[in-house]
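These notes are about the structure you will find just below.
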Amino acid sequence: MPDGTVVLKVARYRPDRDAVPTFSEYEIPYRDDMVVLDALNAIKDDVDGSLTYRWSCRMGVCGSCGMMVNGEPRLTCAVFLREFRPKPVVVEPLRYFPVIRDLVVDISAFLEKLKEVKPWIVREEEQSVSEGEYLQTPEQVEAYKQFSMCINCMLCYAACPVFGLDDDFIGPAAIALAHRYNLDSRDQGRDERRAILGVHWGAWDCTFVGECSVACPKHVDPAVAIQRTKLDIATTSLKSVLWPFGGRK
Amino acid sequence: MSAERRSHPVYVAPIPRFWWVRTAPFRRFVIRELTSVFVGLFSVVLLLFLLALSRGEQAYRGFLDWLDQPGIVVLQVITLAAVLYHTATSIQLASQIQEVRLGGRTVPRHLLMAAMTGGLIVASAVVAYLTIEL
């Protein structure tokens with residue numbers, strides 16, 4: 001049974017008819033256990049089938065349903081309407097991304113950046129299958145585990161004013177993922193990634209505002225990953241100058 | 001992706017000039033960035049101090065008189081406050097970034113902050129002692 005109603009103000013952008021996005025207001029039946037995504041689904045099912053947005057798993061794993069909810073980047077499947085009610089809930093597409101339609105943003109540049117940092121285990125020489133798996137101790141797993149929890153929801157990008165001002169910035173999630181592989185005992189690609197991240201639109205673009213880590217729903221802490229990447233690049237570069245034979249790897 | 005490569009139209013929201021006043025964390029960030037100007041100013045005054053010292057007693061006394069002007073004193077007080085804010089936030093940020101492992105365990109952040117603050121206090125006390133006593 002519904003417990004009254006809730007009002008949502010949803011950003012609409014229909015490129016065939018709108019020059020700029022506008023807001024549409026919807027009042028829908030409310031239940032106390034509803035999240036923002038439930039409300040969007042209710043609008044799409046019962047009020048306006050043309051409302052466009054991304055979603056998939058409904059349980060904070062797929063990273064598809066990230067949007068701006070009352071000005072903050074959030075996973076809409078994990079934000080209860082009761083957090084805002086009786087005030088209206090304002091839903092907008094992820095900030096700083098180009099909007100394709102309504103709440104759907106263009107993520108193709110992000111996917112390019114992700115690929116650029118080689119987020120996979122790089123080996124100088126692959127171990128043969130007969131030699132078995134690459135074994136790791138629990139401590140070696142622990143070293144990178146936190147940074148492996150990223151679900152590519154891009155909330156960190158929507159929280160980052162540096163990305164807003166410079167869309168070339170490789171950005172928090174991609175750098176955190178690069179850091180995750182750099183910390184992996186099975187990986188040998190640190191030097192390659194250092195060259196990719198050591199550019200001014202890489203780690204050095206970050207001014208440590210820190211809001212990416214606040215926005216992250218998986219507690220990855222990309223801000224720390226970026227600063228540690230800077231530290232790694234700087235110390236390696238210094239060692240290569242000061243130590244004989246280019247320093248220790 | 002550049003706009004030229006897209007096959008579909010998109011809307012790109014402009015960034016407001018005053019984006020940094022929108023939220024409290026952004027304002028704190030910008031205040032910290034602005035205190036860097038005062039850290040620079042502090043360093044310039046220190047260099048001028050050394051320059052005056054190297055030019056002999058008369059130049060040194062002249063520099064001290066210049067520092068005693070009310071406007072400069074006010075500026076020094078503002079500089080001190082800004083430098084202290086910058087130092088405190090630097091310690092906070094550094095303790096967040098730096099992972100220190102001792103005996104196979106990660107040193108907790110509050111201990112790192114305490115160690116850095118303690119080090120700073122000891123260094124300041126040594127400088128103060130040398131300045132006053134020598």
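Letters A, B, ... are given to chains in the order of the sequence lines, protein chains preceding strands, and every chain is numbered from 1.
- In this structure, B:Arg109 places its CZ atom where more than 12 heavy-atom neighbours from other residues, nucleotides or ligands lie under 6.0 Å away.
- Proximity to chain A (any heavy atom under 4.5 Å) is shown, for B:Glu99, by both the backbone and the side chain.
- Counting non-hydrogen atoms of neighbouring residues, nucleotides and ligands closer than 6.0 angstrom, the OH atom of B:Tyr60 reaches no more than 12 such neighbours.
- With a 4.5 Å cut-off on non-hydrogen atoms, A:Gln227 touches chain B through its backbone and its side chain both.
- Taking a 6.0 Å sphere around OH of B:Tyr11, one finds it holds more than 12 heavy atoms contributed by other residues, nucleotides or ligands.
- Neither the backbone nor the side chain of A:Arg101 comes within contact range of chain B, judged by heavy atoms closer than 4.5 Å.
- Rounded to the nearest 0.5 angstrom, A:Tyr96 OH and B:Ile15 CD1 are separated by 5.5 Å.
- Interface check for chain B: of the options A:Gly71, A:Pro161, A:Pro93, the most heavy-atom pairs under 4.5 Å are formed by A:Pro161.
- For chain B, the option among A:Asp221, A:Ile226, A:Val224 with the highest count of heavy-atom pairs below 4.5 Å is A:Val224.
- In this structure, no portion of A:Leu111 lies under 4.5 Å from any heavy atom of chain B.
- Heavy-atom proximity under 4.5 angstrom to chain A picks out B:Trp19, B:Arg22, B:Pro25, B:Phe26, B:Phe29 from residues 17-29 of chain B.
- Between chain A and the residues B:Ile97, B:Leu93, B:Val30, the largest count of heavy-atom pairs under 4.5 Å involves B:Ile97.
- Taken to the nearest 0.5 Å, the CZ atom of A:Phe208 stands 9.0 Å off from the CZ atom of B:Arg32.
- Ranked by heavy-atom pairs under 4.5 Å with chain B, the list A:Glu139, A:Lys230, A:Arg95 is led by A:Arg95.
- Of the residues considered (A:Val214, A:Leu165, A:Leu231), A:Leu165 shows the highest number of contacts with chain B, using heavy-atom pairs under 4.5 Å.
- For chain B, the nearby part of A:Ala19 is the backbone; its heavy atoms alone come within less than 4.5 Å.
- Looking at A:Ala11, there are no atoms closer than 4.5 Å to chain B (heavy atoms on both sides), in backbone or side chain.
- In this structure, A:Arg228 contributes its side chain and B:Gln98 its backbone to no donor-acceptor pair below 3.5 Å.
- Contact count against chain B (heavy-atom pairs under 4.5 Å) is highest for A:Pro21 among A:Gly210, A:Pro21, A:Gly164.
- For CD of B:Gln69, the number of neighbouring non-hydrogen atoms (other residues, nucleotides, ligands) closer than 6.0 Å is greater than 12.
- In this structure, the portions of A:Val20 lying under 4.5 Å from any heavy atom of chain B include both its backbone and its side chain.
- Atom CD1 of A:Ile100 sits about 4.5 Å away from atom NE2 of B:His8, to the nearest 0.5 Å.
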